[in-house]
Structures are given as structure tokens and as C-alpha cells.
Amino acid sequence: MARVAGIKDVARQAGVSVGTVSNVINRPEAVLPETRARVLAAIEDLGYVRSESARQLRAGRSRIMALLVLDMGNPFFVDVARGAERAARQAGLGVMVCNSGQSPAEEAEYLGLFAEQRVCGVLVTPADATGRNLESFSRHRIPYVLVDRVASGAGTCAVSVDDVRGGALAVGHLVSAGHRSVAYVSGPGDLHQIRDRRTGALSALAEAGLEPEALVEIPSDRLDVAAGRDAGARLLGLVPRPTAVFCANDLLALGVLQALYAAGVRVPQDIAIVGYDDIEFAAAAAVPLTSVRQPAVVMGRMAAELLLEEAVDDGHHEHRSVVLQPELVVRASSSTPR
């Protein structure tokens with residue numbers, strides 16, 4: 001295997017010092033035109049590529065922004081990553097996307113890796129509800145921004161969605177269609193989004209004069225399609241059976257829809273369904289899914305922009321917490337009034 005040409009090889013072939021080669025690369029205006037041309041010819045001839053990792057080590061930081069999310073299998077987080085990447089590319093940065101799998105232990109490992117690599121900053125949807133992982137990470141003085149989370153204090157930036165409002169939109173829509181008993185297929189109880197969406201659902205029931213018991217929770221420890229199918233099977237076994245179901249995300253809702261379809265239960269005639277996130281698959285489901293839309297791409301872009309502001313402001317950055325508003329998108333899965 002041929003050896004990769006280094007900066008010393010370029011200097012030797014051009015008959016100049018290593019410092020001159022470095023100036024041609026980083027400060028070309030400081031080098032005489034004929035010398036610069038000789039160095040550039042040597043670079044071209046040898047196929048020299050600057051070692052970005054070495055430059056990063058000297059500078060103490062990299063040109064990489066890290067994004068750590070709960071589940072890259074969820075299209076919602078793919079959209080968040082898309083928004084973050086757009087903002088990063090405009091700033092000349094790359095994005096390293098990692099998946100914690102909702103595991104605090106894996107989150108801690110990735111945060112340690114980011115510190116070792118001296119990334120320029122981190123966008124993170126925390127898996128550790130205690131906040132200890134980020135508290136430990138903060139000692140490295142690498143800026144980070146919370147994504148899809150509300151900041152607990154004034155010490156960091158955050159971009160989130162008003163999930164209380166989102167839950168109220170979902171269940172308010174079902175109540176206005178005549179439903180008086182609604183199942184809530186939830187997710188891991190330590191995720192504040194799950195709790196906030198339940199709070200919003202209960203507020204919509206209260207506003208309609210219904211008791212909290214009108215919301216029947218079907219818990220789940222995951223937020224994927226398989227968990228939705230399992231929740232759908234449990235929903236079918238309830239007596240009396242709720243006439244509508246609100247799911248904490250669209251993947252759960254798609255799983256519930258599969259379970260109901262397999263059992264011959266009609267949607268929305270027998271049971272109406274509302275999901276959350278409005279991922280691309282929601283509109284393409286066998287019965288197009290009503291969903292609460294989160295502006296995921298905007299969330300990722302705004303979080304990256306806040307991170308870039310903090311990275312360049314050198315201690316003068318003012319932390320902000322941005323709360324975006326959700327939107328109800330009504331489709332066939334809930335469209336039949338009772």
C-alpha cells in the first residue's frame with residue numbers, strides 16, 4: 001500500500017520549509033506568487049491532503065457538531081437531524097449523528113467520546129432523566145443544546161415543542177367528534193413529553209366536562225411499532241372498550257392500527273386513532289393517520305443555530321429556551337363523528 005504524502009514530502013519536493021507549505025495552505029497571501037505556485041504544484045503532484053485531525057488537535061476543537069438522539073429508527077429524529085445538518089453545513093461544519101437507544105449508559109459513553117474528540121458542540125435529546133450525564137459532561141466546557149426537551153434551569157439553551165398543547169389538541173379533537181372514553185397509549189414514564197401529552201389530554205377532557213377516568217392509559221416501555229401492536233391487543237381486551245385512542249407518537253399509532261386491522265376492527269368507525277409527530281408514514285398508512293405535527297426540521301435547525309451562537313460568542317452568549325407550537329393534522333383515522 002502506497003504511503004500517504006505528508007507536509008514534509010511537499011516541502012522537500014518544492015524546496016521550501018514546512019512553515020512555507022503551511023502558509024500556502026492557511027495564509028497564501030503571505031507567500032510570494034512563484035513560491036506559492038511551486039508548492040501548489042507539489043501538492044497536486046503528490047496528492048497531498050491536509051490532515052484535518054492534526055489541525056483540530058492543534059486548535060483544540062473540531063469542525064464537527066454532534067447530535068445524540070433517542071432513536072434514529074424514529075423518522076421524527078431523522079427530520080431533526082436534517083434540520084441540524086442544514087444549519088451546520090451553512091457554517092462549514094459536519095454533523096456526527098449518534099443513537100443512545102434511550103439508554104443512559106450509552107448516552108454517557110457517547111458524551112465521553114464527544115469530549116475526547118473535542119467536538120465544537122453537542123445537540124442532545126437526553127436519555128438520562130436525572131441530568132447527571134450532562135452535568136458531568138459540562139465540565140469539559142463544550143457547549144450543548146437540549147433538543148425536544150425543556151431546560152430545567154437557565155444554564156443551557158433548549159428547543160422544544162409545547163407537548164401539553166399537543167396533547168390537548170389531540171384529545172380535544174376526539175372529544176369534539178363525540179368520543180367520551182379515550183385510551184392513551186403512552187411510552188416510558190420518565191420522558192417528560194409523555195407526561196406533558198397526558199397532562200394536555202386530561203385538560204381537554206376537563207374542558208369538555210369529563211372526568212379524568214375518561215382517559216384510560218395503556219402504558220408501554222418503548223415507542224415503536226411493535227409496542228403499538230402490543231398496546232392494540234391490550235386495547236381490544238378492555239371492557240368497556242374506549243371508542244378512540246391517542247398515541248404518544250406515530251410509530252405507536254401505526255402499530256395500534258395494524259392490531260385493529262388484523263382483528264377486523266374498523267378505523268375510524270369502531271375506534272378512532274390520533275398519533276403524534278406527523279412523520280411521513282402517517283399520511284401513507286392504510287388509513288391515513290390524524291396526527292399532531294411537530295416542526296422537527298425547524299427544531300433541529302434552531303437548536304444548531306443556538307449552538308453555533310454559543311460556540312462563537314466566547315462566554316457572552318445568552319441562553320434561551322425556545323418552545324415551538326404543534327399543529328393538528330386531521331386525516332381519515334379520526335374523521336367520522338359519533
Side-chain angles (χ1 to χ4, degrees), residues 64-81 83-84 88 95-117 119-164 166-167 186-199 220-224 248-249 251 276-277 294-296 298-308 310-311 317 319-324 326:
I64 297 296
M65 176 187 299
L67 171 63
L68 181 58
V69 300
L70 297 178
D71 180 14
M72 278 306 295
N74 187 336
F76 166 76
F77 288 114
V78 175
D79 286 341
V80 170
V95 178
M96 174 170 56
V97 181
C98 300
N99 178 27
S100 71
Q102 301 182 39
S103 165
E106 291 192 28
E107 175 183 86
E109 290 181 9
Y110 274 121
L111 290 173
L113 174 65
F114 300 156
E116 290 175 7
Q117 297 297 314
V119 298
C120 69
V122 178
L123 306 176
V124 56
T125 304
D128 176 22
T130 69
R132 284 192 289 265
N133 283 343
L134 285 173
E135 182 180 346
S136 177
F137 178 73
S138 64
R139 74 178 188 273
H140 299 291
R141 299 187 181 278
I142 297 174
Y144 65 87
V145 173
L146 303 181
V147 182
D148 198 28
R149 285 290 190 280
V150 177
S152 58
T156 186
C157 287
V159 183
S160 62
V161 169
D162 186 346
D163 284 307
V164 174
S186 63
D190 57 351
L191 296 181
H192 85 84
Q193 297 99 320
I194 304 301
R195 300 194 299 270
D196 285 353
R197 291 166 197 177
R198 181 195 301 112
T199 298
S220 173
D221 60 359
R222 303 187 319 280
L223 292 166
D224 54 30
N249 76 357
L251 296 181
Y276 206 102
D277 290 339
Q294 296 200 80
V298 174
M299 186 185 301
R301 175 180 58 79
M302 293 188 69
E305 289 172 350
L306 287 173
L307 185 64
L308 291 167
E310 184 172 0
H317 175 73
H319 291 302
R320 284 180 285 158
S321 185
V322 179
V323 181
L324 304 173

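Keep in mind it's a predicted model, so treat the numbers as computed, not measured.
Between Val161 and Pro295, the shortest heavy-atom contact is CG2-CD, 3.9 Å. Closest approach of Ala84 to Val95, counting heavy atoms only: O-CG2, 4.2 Å. Met65 and Ala304 make their closest contact through SD-CB, 4.0 Å (heavy atoms, listed as atom of the first residue, atom of the second, distance). Taking all atoms of both residues into account, the shortest heavy-atom contact from Val150 to Ser160 is CG2-OG, 3.6 Å. Summarising the geometry of Ala115 relative to Ile142, their closest heavy-atom pair is CA-CD1, 3.9 Å, with the distance given to 0.1 Å. Listed here is the closest heavy atom pair of Gly187 and Ala248: N-CB, 4.4 Å.
A donor-acceptor pair under 3.5 Å links the side-chain atoms of Thr199 to the main chain of Arg195, judged by distance alone. Here the side chain of Gln193 pairs a donor or acceptor atom with the backbone of Asp148 at under 3.5 angstrom. A donor-acceptor contact shorter than 3.5 Å is absent between the side chain of Ser100 and the backbone of Leu68. Side-chain atoms of Arg197 do not come within 3.5 Å of backbone N or O of Ile194 as any donor-acceptor pair. Although no hydrogens or angles enter the test, the distance criterion places no donor-acceptor pair under 3.5 Å between the side chain of Asp221 and the main chain of Pro188. Although no hydrogens or angles enter the test, the distance criterion places a donor-acceptor pair under 3.5 Å between the side chain of Asp128 and the main chain of Asn133.
From Gln294, atom CD reaches atom CG of Asp162 across 10.5 Å, with rounding to the nearest 0.5 Å. The SG atom of Cys98 sits 10.5 Å away from atom CD of Glu106, with the distance rounded to the nearest 0.5 Å. We find the CG-OG1 distance between Leu67 and Thr125 to be 7.0 Å, quoted to the nearest 0.5 Å. The distance from atom CE of Met302 to atom SG of Cys157, rounded to the nearest 0.5 Å, is 10.5 Å. Note that the CZ atom of Arg320 and the CD atom of Glu310 stand 10.5 Å from one another [nearest 0.5 Å]. Put simply, CZ on Arg149 and OG1 on Thr156 are 13.0 Å apart, with the number rounded to the nearest 0.5 Å.
Two residues are said to be in side-chain contact when any heavy atoms from C-beta on lie closer than 4.5 Å; Phe137 and Phe114 meet this criterion. Side-chain contact between Tyr276 and Asp163: present, with at least one pair of heavy atoms (C-beta onward) separated by less than 4.5 Å. Between Leu134 and Leu146, the closest side-chain pair of non-hydrogen atoms falls below 4.5 Å. Within the 4.5 Å cutoff, the side chain of Arg222 has no heavy atoms near those of the Leu251 side chain. Looking at heavy atoms from C-beta onward, Gln117 lies out of side-chain contact with Ile64 at the 4.5 angstrom threshold. Contact check for Leu223 versus Asp71: no side-chain heavy atoms found under the 4.5 Å cut-off. Annotation: side chain of Phe76 is in contact with side chain of Met299 (closest heavy-atom distance under 4.5 Å).
Test Leu123, Val119, Leu307 against Pro143 for side chain to side chain contact (heavy atoms under 4.5 Å, CB included) and you get one pass: Leu307.
Every residue was checked against the salt bridge (Lys or Arg N to Asp or Glu O under 4.0 Å) condition with Asp196, not counting sequence neighbours, and none meets it. Every residue meeting the side-chain hydrogen bond (donor to acceptor under 3.5 Å, both in side chains) condition with Ser186, not counting sequence neighbours, appears here in chain and number order: Glu217.
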Side chain to side chain contact (heavy atoms under 4.5 Å, CB included) between Val69 and Asn74: does it pass, once the steps are laid out? CA-CA 10 Å; Val69 300; Asn74 187 336; over 6 Å; no

